Amino acid sequence: MTEQKIDAHGIQSSPSHRYDAGLANRIEKRWQQWWDEHQTYRTPDPGDADFDPDRPKFYCLDMFPYPSGAGLHVGHPEGYIGSDIISRYKRMAGFNVLHPMGFDAFGLPAEQYAVQTGVHPRVTTVKAIDNYRRQLKSFGFSYDWSRELATTDPDYYRWTQWIWLKAYGAFFDRKLGKARSIDQLRAELDSGARLVDGADWAAMEPSAQEEYIDSHRLAYLGFQTVNWCPKLGTVLANEEVIDGRSERGGFPVLRKPLRQWMFRITEYADRLLDDLQLLDWPESTRTMQREWIGRSEGASIEFPVGSDSLEVFTTRPDTLFGATYMVVAPEHPLVDRMLAEGGSNELRDYVMHARNRSDVDRMADSKEKTGVALGIDAINPATGRPIPVWTADYVLMGYGTGAIMAVPAHDERDHAFALAYQLPITRVVDGGGDLGQSACTGAGLVMASANEEISLDGLTTDEAKVSIIEWLEAGGMGRRHVNYKLRDWLFSRQRYWGEPFPIVYDSNGRHYPVSDAALPVTLPDLDDYEPIESDEPTPPLGKATAWVETTAGEAGVDPTILPPDTPVRRETNTMPGWAGSCWYYIRYCSPHAQDRFITPEAEKYWLLGDREEPSSSAAVPGEESFDLERFKIGGVDLYIGGAEHAVLHLLYARFWHKILFDLGEVSTPEPIDKLFHQGMITSFAYRRGDGSLVPIDEVEENEDGSHTETATGAAVEQIIAKMSKSLRNVVNPDDVVEEYGADTMRLYEMYMGPLEASAPWNTRDIVGVHRFLQRVWRLVVDEETGELRFSAAPDDDVERQLHRTIQKVGDDIERLAFNTAIASMIEFVNCATGTGVSAEQFDRFVRILAPFVPHFGEELWHRMGHEDSVACTDWPSFDESMLVDDLIEVPVQILGKLRSRISVPHDADESVMETAALADERIAELLEGKTVRKVVVVPGRLVNIVAN
RNA sequence: GGGCCCGUGGCGGAAUUGGUAGACGCGGCGGACUUAAAAUCCGCUGAGGGCAACCUCAUCUGGGUUCGAGUCCCAGCGGGCCCACCA
């Protein structure tokens, strides 16, 4: 290996065996190929010949990328590098490590890109995946590529459809609090079980029975108001709508009633909420999920309106006596009825205006309270007095019942509305300020709340809640009620690039499932896959007439359900992009299984692992003595990915997992044990005095570190911003790999700061870690000859430093503190430079370095004469006694101020340290004429003398 | 408006349980090597003072707890993220 070194200026330079970008790139290519050939990172499954069942498992998962045409962003690899380091470390530490990678390839962006470029999404997706795979391999990640999957593979989405059918064929048994097969429900009803709502099953028409069954499915066809985005030509889940605009693209979203496939996720609200405390997840993410589920306790109360009644949900039933009017949402059925019965022009205008306004506009002038009286009264069940019913857009149809009792004295929104329309304000809770100014929303003592049957006066608001609910329940006017913000999950999309539903309809519009054996229902190849931008949802799959119009037999419907020659139409909606990512972590465990979505053996080993059911006697989650540290929920041991998925993907995946758990298909109640969010890689940008931003290439740095805009010479301020094309501060990982090598880039990204923190990319800093690798290289490689050279006898200081470094790096990897792990390795090399290391010492050092820079580590490992991969060796051990020096230097403080240092044996006890401190010349001098009141000694750390 | 997180040198950051603030890296300054430069190696690098040993100040600001506070508590200022008319 004697290549000529030519630098950027064409000048021959540097020794031929220097670790520079050229050499790094050659080393990296060579080892990537060698790993592929030797299947170094293949992970054996239970049952495989080379599987070692005695090793504990570690399932380390990355959020798989969505392959876009742009290729990997420099922020993508950050989490992947972290998970790769810990995977390599765990493997060396004796674990069977499952570390897979795949591609989330169905969904809107791929389709939008296809529409823009006119190239079929199948083609662009394959191309994008190839590019992503190439880039991922260029970083030397230790993925078991034999497990690679894409959600667009028919072999994969076959099981996505299968899981959906499982939910279609299941219902939520509220008594047991879990899902069961809907066939069991039918069988129990047939054998005389009573319906919850008291209806007589045996007396029902067959069609009514079917309707009843259908209305209990976990995956069901629901007619509801959904988020319709005309620009995207599809409906969206609540989670995909931000401030009235689509999460993707930011287009306006309208509310529209439609018949769509839904998931009954609301049945799981309590379990999704309660089980959050079992998870070793960032508190912020658990809080977001809690808020998204939005559980509130309160009461449901009926207000008589004529012969009918109006139901409201309230968290403040204790203020019922203060309800002086009611408000319904403009979309409320009562409003429709009033309009049908005439209604004022004012009402008509208001309702039309409110309904036609998109949610965006509705929020733009929030707080500004408007409304119109319906012209009817309801009866306050507590006071017996009539109160007017209004409609106003500050009440939302999507929450509670779409109607409220307004208590202006004790609710700010009601207060503002009452002031605007001169509605009466009646105080029923003591305390607070002037009700003419603001509402009194706090707790207090209830007053002016009594009728012939009940008095709440003098009770605390908490006590009053209990009393009034008892009274309402006794009178059949209301009941305790728990309400959730969480809505059922809209699962249909009017798009081409997604999983088809395994469902067909007969001529009466009844739906039938495709049998498991007929899966997958493959997505037909359409030339014209463009979404149809319209006011009415029109799925593009409808254009595949030959595919849509078929027979029950052709589609694979069980012949005992429907005769094979029955003409049927296929469902033309597709599943949303979230579907595939809900369960991919399961498929990785046995990606090639043909007859199961996961084999029982793989499920038991990779997901269940050594998880123990929390026994009934042990502390349970929620109790103070519960120790999350020792509690393993099973599933994925470590999941690394961005915080942007805190609600959507991570809530959906938990939901699917719980369905599969209930149905006995998986054996852990949660999919992810520990979750970690990596921070964002940002970039520097520059801001003018007027606040406008300047692209990075139009700015010059001055000698004093300040910055000026090149064109104008005006001073600009350096700020931190997201990478963006317009600021021209986007970094392409391919360029960095070419310029410094992948190992340097890996090291740089890990050295930027804590993995969970955002940090700005600073190209200038990369040379620091590159120089570190060069120093390691030079420590043992002769740059002129390429020969290795070691010191014959190990140096004692270097040896101690090595033990400390081995311990620190191991600890730091365990807590994902890669930046400080690298710093300690730099310190080791600084310590060994000049002194030199023995071959045996370097053998250990290269093993702790290799997880960070695998190609570099592998190269030196093999140069040292090893035949196998450094990835398959053991993590080196350290000796406790080597961690501390015999003599340590300890600070001596007087009144907390550092005054001197003493040298004492590392295990010196308090009296020895105190004596040594007081005997110190400088200390004795400073203490002259003072009285020592107290001496604080922290063995091994410091001495603090209190004297005056 | 509500919730959560965070403010440390010129810059990225370290300080794991309250115990020597600024590890490590970048940048900067000085030196060695070199005809010269690059690369490399060595030294210095929070501010102020002193010939020096050292001293004073210093972790956004102001209080507090403590022998001792970057770390804990209270108040304020600044920044980030999330939610936001949720009854």
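Chain A is the first sequence line, chain B the second, and so forth, proteins listed ahead of strands; every chain is numbered from 1. All values below come from the heavy atoms of this structure, side chains included, with hydrogens, waters and symmetry mates left out. Owing to the predicted nature of the structure, the values given are computational and were not obtained by experimental measurement.
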Considering every strand shown, what is the Watson-Crick or G-U wobble mate of G1(B) when both distances are under 3.5 Å?
C83(B)

Which of these passes side chain to side chain contact (heavy atoms under 4.5 Å, CB included) with Arg941(A): Val938(A), Val937(A), Asn944(A)?
Val938(A)

Give one of base, sugar-phosphate or nothing for Glu412(A), where a contact means two heavy atoms less than 4.0 Å apart.
nothing

With the side chain defined as heavy atoms from C-beta on, Pro754(A) is closest, among U20(B), G13(B), G3(B), to G13(B)

Report yes or no: do Thr266(A) and Asp488(A) form a side-chain donor-acceptor pair below 3.5 Å?
yes

Span that lies between the C1' atom of U35(B) and that of G50(B), in whole angstrom:
43 Å

Quick one: which protein N/O atoms are closer than 3.5 Å to N/O atoms of nucleotides 62-64 of chain B? Pair and distance per line, please.
none

Paired with U56(B): which nucleotide, if any, by Watson-Crick or G-U wobble criteria at under 3.5 Å for both distances?
A47(B)

Within this structure, what is the CD-to-P distance between Gln801(A) and C24(B), rounded to whole angstrom?
11 Å

Hey, does Asp414(A) reach any base, or is it just sugar-phosphate, or nothing, if we go heavy atoms under 4.0 Å?
nothing

Leu747(A) atom CG is separated from C26(B) atom P, nearest whole Å, by 12 Å

Separation of atom CD1 in Ile945(A) from atom P in G68(B), rounded to whole Å
14 Å

Give the ring-plane orientation class for Phe417(A) versus Tyr421(A), where under 30° counts as parallel, over 60° as perpendicular and anything between as tilted.
tilted

Compare the minimum distances between each of U20(B), C83(B), A15(B) and the side chain of Lys485(A), then state the nucleotide with the smallest one.
C83(B)

Quick one: is the NZ or CZ of Lys369(A) closer than 6.0 Å to the six-membered ring centre of Tyr394(A), and within 45° of its axis?
yes

Pairing donors with acceptors under 3.5 angstrom, does anything connect the side chains of Glu311(A) and Ser300(A)?
yes

On a heavy-atom basis, which atom in Arg316(A) and which in Thr461(A) lie closest, and how many Å separate them?
NH2-CG2, 3.8 Å

Which residues pass the side-chain hydrogen bond (donor to acceptor under 3.5 Å, both in side chains) test with Asn830(A), sequence neighbours left out?
Arg775(A)

May I ask you to test the Thr785(A)-His17(A) pair for a side-chain heavy-atom distance under 4.5 Å?
no

Kindly indicate whether the side chain of Phe878(A), heavy atoms from C-beta on, has any atom under 4.5 Å from the side chain of Ile848(A).
no

C1'-based separation of C82(B) from C44(B) [nearest Å]
46 Å

What is the pairing partner of A21(B), taking Watson-Crick or G-U wobble pairs with both distances under 3.5 Å in any strand?
none

Taking only the C1' atom of each, what is the distance from A75(B) to C24(B) in whole angstrom?
36 Å

Output the single nucleotide from C11(B), C24(B), A87(B) whose closest atom is nearest the side chain of Tyr751(A).
C24(B)

On RNA chain B, nearest-nucleotide positions of Arg901(A) versus Met752(A): which is more 5'?
Met752(A)

Nearest to the side chain of Leu396(A), heavy atoms from C-beta on, is which of G12(B), G19(B), A87(B)?
A87(B)

For Ala924(A) versus Leu918(A), what's the shortest heavy-atom pair and its separation?
CB-O, 4.0 Å

Quiz question: going by heavy-atom distance under 3.5 Å, is there a donor-acceptor pair between the base of U20(B) and the side chain of Arg941(A)?
no

Within the 4.0 Å heavy-atom criterion, would you say Ser296(A) contacts the bases, only the backbone, or no part of the nucleic acid?
sugar-phosphate

At under 4.0 Å between heavy atoms, which parts of nucleotides 41-56 of chain B does protein reach? Answer with one letter per nucleotide, 5' to 3': B base, S sugar-phosphate only, - none.
S------------SSS

Can you tell me the distance, in whole Å, between the CD atom of Glu644(A) and the P atom of C81(B)?
13 Å

In this structure, which one of Tyr740(A), Phe818(A), Phe852(A), Trp761(A) forms a ring-ring contact (aromatic ring centres under 6.0 Å, His included) with Tyr748(A)?
Trp761(A)

Is the phosphate of A87(B), meaning OP1 or OP2, less than 4.0 Å from a side-chain N or O of Tyr399(A)?
yes

Tell me which nucleotide among C11(B), A87(B), G3(B) gets nearest to the side chain of Val395(A).
A87(B)

Please work out if Gln893(A) contacts a base, only the sugar-phosphate, or nothing of the nucleic acid, heavy-atom cut-off 4.0 Å.
base

P atoms of C60(B) and G2(B), separation to the nearest Å
25 Å

Would you mind telling me which of A14(B), G19(B), G3(B) lies closest to the side-chain atoms of Asn819(A)?
A14(B)

How many Å lie between CD1 on Ile826(A) and P on C24(B), as a whole number?
9 Å

Minimum-distance nucleotide (side-chain atoms of Arg18(A) versus C85(B), A87(B), A39(B))
A39(B)

Checking N1-N3 plus N6-O4 or O6-N4 for Watson-Crick, or N1-O2 and O6-N3 for wobble, each under 3.5 Å, the partner of U40(B) is A32(B)

When you measure from the side-chain N and O atoms of Thr820(A) to the phosphate of G13(B), is any distance below 4.0 Å, counting only OP1 and OP2?
no

Please state how far atom CD1 in Ile766(A) lies from atom P in C26(B), giving the value in whole angstrom units.
13 Å

Using the ring of each side chain (for Trp, its six-membered ring), is Trp777(A) parallel, tilted or perpendicular to Tyr19(A), with breaks at 30° and 60°?
tilted

Per nearest nucleotide of RNA chain B, the residue lying toward the 5' end, Glu827(A) or Phe684(A), is Phe684(A)

Answer yes or no: side-chain N or O of Asn944(A) and base N or O of C67(B) forming a donor-acceptor pair under 3.5 Å.
yes

Between C1' on U20(B) and CG on Leu895(A), what's the gap in Å once rounded to a whole number?
16 Å

The glycosidic conformation of G9(B), counting syn as within 90° of 0 and anti otherwise, is syn

The side chain of Lys808(A) lies closest to which of these nucleotides: U16(B), C82(B), G19(B)?
U16(B)

